[in-house]
Number of protein chains: 2
Amino acid sequence: MPNKKRDNIFRAIADPTRREIFHMLVLASAALSINEIADHFPMSRQAITKHIKILNDVGLIDIVPKGRERYCYADPKPLKEIHDWVMYYEKFWENKLNLLDSYLKEKNKKGN
Amino acid sequence: MPNKKRDNIFRAIADPTRREIFHMLVLASAALSINEIADHFPMSRQAITKHIKILNDVGLIDIVPKGRERYCYADPKPLKEIHDWVMYYEKFWENKLNLLDSYLKEKNKKGN
DNA sequence: TAATTTTGCAACCATATGGTTTCTTTTTTA
DNA sequence: TAAAAAAGAAACCATATGGTTGCAAAATTA
């Protein structure tokens with residue numbers, strides 16, 4: 001049973017440029033237009049527009065049109081999906097213990 | 001300043017098949033060989049081998065060769081990178097408040 | 001109204017990605 | 001020792017991805 005929504009958000013945050021756009025918007029005290037965002041990146045406005053569309057599709061960015069501009073706002077709520085996924089495994093790294101460690105310890109004890 | 005290690009782990013978990021392989025190994029009480037893993041998926045052993053290599057490269061899977069087999073263990077520790085990234089934004093979805101919400105509220109108050 | 005600004009749309013391109021198949025090597029088992 | 005099993009290596013393929021450029025449309029400004 002594939003979780004398309006989950007897949008999409010994992011994909012959305014996999015790209016470093018998209019994470020940077022998102023981060024910029026979280027830090028910004030005001031909303032930023034497409035051009036204002038694009039100005040901070042070494043690539044074309046169109047490339048940024050595509051990234052913004054992907055972020056918007058998964059709900060990480062809200063867009064409010066105003067005149068000829070479109071103002072972008074970060075919305076971190078969808079990250080809860082990632083949060084829930086990753087927290088499931090927390091106990092493992094917290095313990096600093098995993099199956100391999102146990103295996104190697106057991107192996108040493110037996111001396112083979 | 002690009003964080004290559006971070007980029008790689010985000011990329012590694014972006015693929016649903018890789019997340020499933022990883023999850024299978026976390027749940028497994030014992031280590032699993034490549035073939036044992038591949039048997040659970042509708043694709044070829046070689047495809048699975050490639051996924052395992054990517055997971056191994058970022059440290060999410062440890063591999064212990066034993067005879068002609070290679071046993072795989074999940075190691076969730078590298079997920080701390082994802083955890084740290086996502087936790088930065090937690091306060092936002094916890095608040096159920098974001099810039100857009102504030103903007104719209106403000107807008108309503110002013111009645112324009 | 002004419003020029004400028006902001007954006008969208010569409011075509012295009014190179015490379016990355018996720019998959020396949022075939023063959024070889026190494027190890028185990030019969 | 002011969003056959004079978006596990007895995008790696010390499011070539012190949014279709015599509016996805018991240019980028020580009022050029023042009024059109026809508027809104028704003030001079």
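Hydrogens, waters and symmetry mates play no part in the numbers below; they use all other heavy atoms, side chains included. Note that the structure is predicted; figures quoted are calculated from it, not measured. A note on names: the letters A, B, ... follow the listed sequences, proteins ahead of strands, and every chain is numbered from 1.
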Pairs touching residues 33-72 of chain A that satisfy ring pair (Phe, Tyr, Trp, His ring centres under 6.0 Å), sequence neighbours left out: none

Could you give the [atom1]-to-[atom2] distance, from [X] to [N], as a whole number of Å?
{"X": "Ile37(A)", "N": "dT7(C)", "atom1": "CD1", "atom2": "C1'", "result": "13 Å"}
{"X": "Tyr71(B)", "N": "dA5(D)", "atom1": "OH", "atom2": "C1'", "result": "12 Å"}
{"X": "Glu69(A)", "N": "dT4(C)", "atom1": "CD", "atom2": "C1'", "result": "13 Å"}
{"X": "Ile61(B)", "N": "dA7(D)", "atom1": "CD1", "atom2": "P", "result": "13 Å"}
{"X": "Ile34(A)", "N": "dT6(C)", "atom1": "CD1", "atom2": "C1'", "result": "9 Å"}
{"X": "Lys53(A)", "N": "dA10(C)", "atom1": "NZ", "atom2": "P", "result": "12 Å"}

Scan nucleotides 18-30 of chain D nucleotide by nucleotide, 5' to 3', and note B when protein non-hydrogen atoms come under 4.0 Å of the base, S if they reach only the sugar-phosphate, - if neither. SBBBB----BS--

Do the side-chain N and O atoms of Tyr88(B) and His23(A) include a donor-acceptor pair separated by under 3.5 angstrom?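 There is no such pair between these side chains.
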
Can a salt bridge be assigned to the pair Arg19(A) and Asp15(A) using a cut-off of 4.0 Å between side-chain N and carboxylate O?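 Here Arg19(A) does not pair with Asp15(A) in a salt bridge, since their nearest N and O are not under 4.0 Å apart.
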
Quick check for you: to the nearest 0.5 Å, what is the distance between Ile61(B) atom CD1 and Asp75(B) atom CG?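 Answer for the CD1-CG pair, Ile61(B) versus Asp75(B), is 10.0 Å.
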
Check the phosphate of dA7(D) against Asn35(B), side-chain N and O only, distance under 4.0 Å to OP1 or OP2. Yes or no? yes

Can you name the residues that form a side chain to side chain contact (heavy atoms under 4.5 Å, CB included) with Ile54(A), not counting sequence neighbours?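 Ile54(A): side chain to side chain contact (heavy atoms under 4.5 Å, CB included) contacts with Arg11(A), Ala12(A), Arg18(A).
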
Check the orientation of Trp85(B) and Phe10(B). Use parallel for under 30°, tilted for 30 to 60°, and perpendicular for over 60°. perpendicular

